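Residue numbers run from 1 in the order of the sequence given. FYI, side chains are in, hydrogens and waters are out, and symmetry mates aren't considered; it's all heavy atoms of this structure. On a predicted model such as this, the values are computed, not experimentally measured, just so you know.
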Amino acid sequence: MAPPEPADEAVPPRERGAIRISDRVITKIASHAAREALGELRGTRQGPVAHTTARASVSVRPAAGRGTAERGAERASDEGPVLGEARVHVAVELRYPCDIGRQCGAVRRVVTERVHTLAGMDVAHVGVTVERLHAASGPGAGEGGVR
């Protein structure tokens, strides 16, 4: 029986294994982060509708390199290894009138931060589509979109 390896020796990247986070998990993180970003603006005059919806779609590309474990070792940062690169598209519904640019910017920022923090992935692109605007007040406010 061989003696155990000392704890201070680094395990070679090929022997560490690999981590794969599915696109579905990244999609859920991005959707939740988008709703969270819009919820942060809820207290302002230009906040979203009460039933904020945000749906995300994601494509994930492995980080550049030969193997996942090696990529993580090569691109490791203070927060841990970078496991890949995600391109995210988020569709949202907002209350109108509002500062659409500000809300979309908040969604981009929070989605990028959350995906990087929770999944260890860089986010190459976050596209935000406003699918529907809801009237903030007045006739037909509860009926759906603005005409």
Side-chain angles (χ1 to χ4, degrees), residues 7-8 10-147:
D8 59 344
V11 177
R14 289 183 188 266
E15 296 176 18
R16 283 187 221 156
I19 296 174
R20 173 154 176 5
I21 300 173
S22 75
D23 293 5
R24 185 175 173 181
V25 171
I26 304 302
T27 299
K28 287 186 178 193
I29 291 170
S31 294
H32 188 271
R35 285 189 298 273
E36 181 181 313
L38 294 172
E40 288 175 0
L41 298 172
R42 196 175 296 276
T44 68
R45 279 186 301 128
Q46 300 178 0
V49 292
H51 61 281
T52 299
T53 61
R55 292 182 311 281
S57 61
V58 174
S59 68
V60 176
R61 204 172 56 172
R66 285 178 265 151
T68 304
E70 292 176 50
R71 285 191 300 272
E74 292 169 4
R75 298 189 59 204
S77 67
D78 294 338
E79 300 167 3
V82 176
L83 300 175
E85 182 177 82
R87 294 183 61 83
V88 180
H89 181 263
V90 181
V92 297
E93 295 183 12
L94 303 174
R95 185 174 71 188
Y96 186 81
C98 67
D99 184 347
I100 295 171
R102 179 172 160 226
Q103 291 188 1
C104 291
V107 168
R108 281 187 197 96
R109 180 182 49 79
V110 175
V111 167
T112 300
E113 289 172 2
R114 292 292 183 272
V115 169
H116 184 74
T117 301
L118 298 175
M121 289 189 176
D122 287 334
V123 179
H125 174 76
V126 178
V128 180
T129 299
V130 178
E131 284 192 336
R132 181 177 237 171
L133 296 173
H134 297 273
S137 61
E143 295 176 13
V146 175
R147 294 180 188 203

Taking all atoms of both residues into account, what is the closest heavy-atom pair of [X] and [Y], and its distance?
{"X": "Ala135", "Y": "Arg95", "answer": "C-CG, 4.4 Å"}
{"X": "Val110", "Y": "Ala33", "answer": "CG1-O, 3.4 Å"}
{"X": "Ala56", "Y": "Thr27", "answer": "O-CG2, 3.0 Å"}
{"X": "Val111", "Y": "Ala30", "answer": "CG2-O, 3.6 Å"}
{"X": "Ala34", "Y": "Ala54", "answer": "CB-CB, 3.6 Å"}
{"X": "Ala106", "Y": "Ala37", "answer": "O-CB, 3.5 Å"}

Answer whether the closest heavy-atom distance between the side chains of Val60 and Ile21 falls below 4.5 Å.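 No, every pair of side-chain atoms sits at 4.5 Å or beyond.
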Mind checking whether Leu133 and Ile100 have side chains closer than 4.5 Å, heavy atoms only? yes
Heavy-atom neighbours of His32 NE2 exceed 12 at 6.0 Å: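 12 or below, so no.
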Calculate, to the nearest 0.5 Å, the distance between atoms [atom1] and [atom2] belonging to [X] and [Y] respectively.
{"X": "Glu93", "Y": "Glu131", "atom1": "CD", "atom2": "CD", "answer": "6.5 Å"}
{"X": "Ile26", "Y": "Asp23", "atom1": "CD1", "atom2": "CG", "answer": "7.5 Å"}
{"X": "Arg35", "Y": "Arg55", "atom1": "CZ", "atom2": "CZ", "answer": "10.5 Å"}

Those residues that, when tested against Ser22, pass side-chain contact (heavy atoms from CB on, under 4.5 Å) (two or more places apart):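 Here the qualifying residues are Arg20, Arg24, Val25.
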Distance-only, no hydrogens or angles: does the His116 side chain make a donor-acceptor pair with backbone N or O of Met121 under 3.5 Å? yes
Salt bridge (charged side-chain N to carboxylate O under 4.0 Å, His left out) partners of Arg87, counting only residues at least two apart: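 Once residues adjacent in sequence are excluded, Arg87 has no partner under the salt bridge (charged side-chain N to carboxylate O under 4.0 Å, His left out) criterion.
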Side chain to side chain donor-acceptor pair (under 3.5 Å) partners of Arg114, counting only residues at least two apart: Glu36
Name of the residue among Leu38, Thr129, Val128 meeting side chain to side chain contact (heavy atoms under 4.5 Å, CB included) with Cys104: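 Of Leu38, Thr129, Val128, side chain to side chain contact (heavy atoms under 4.5 Å, CB included) with Cys104 is met by Val128 alone.
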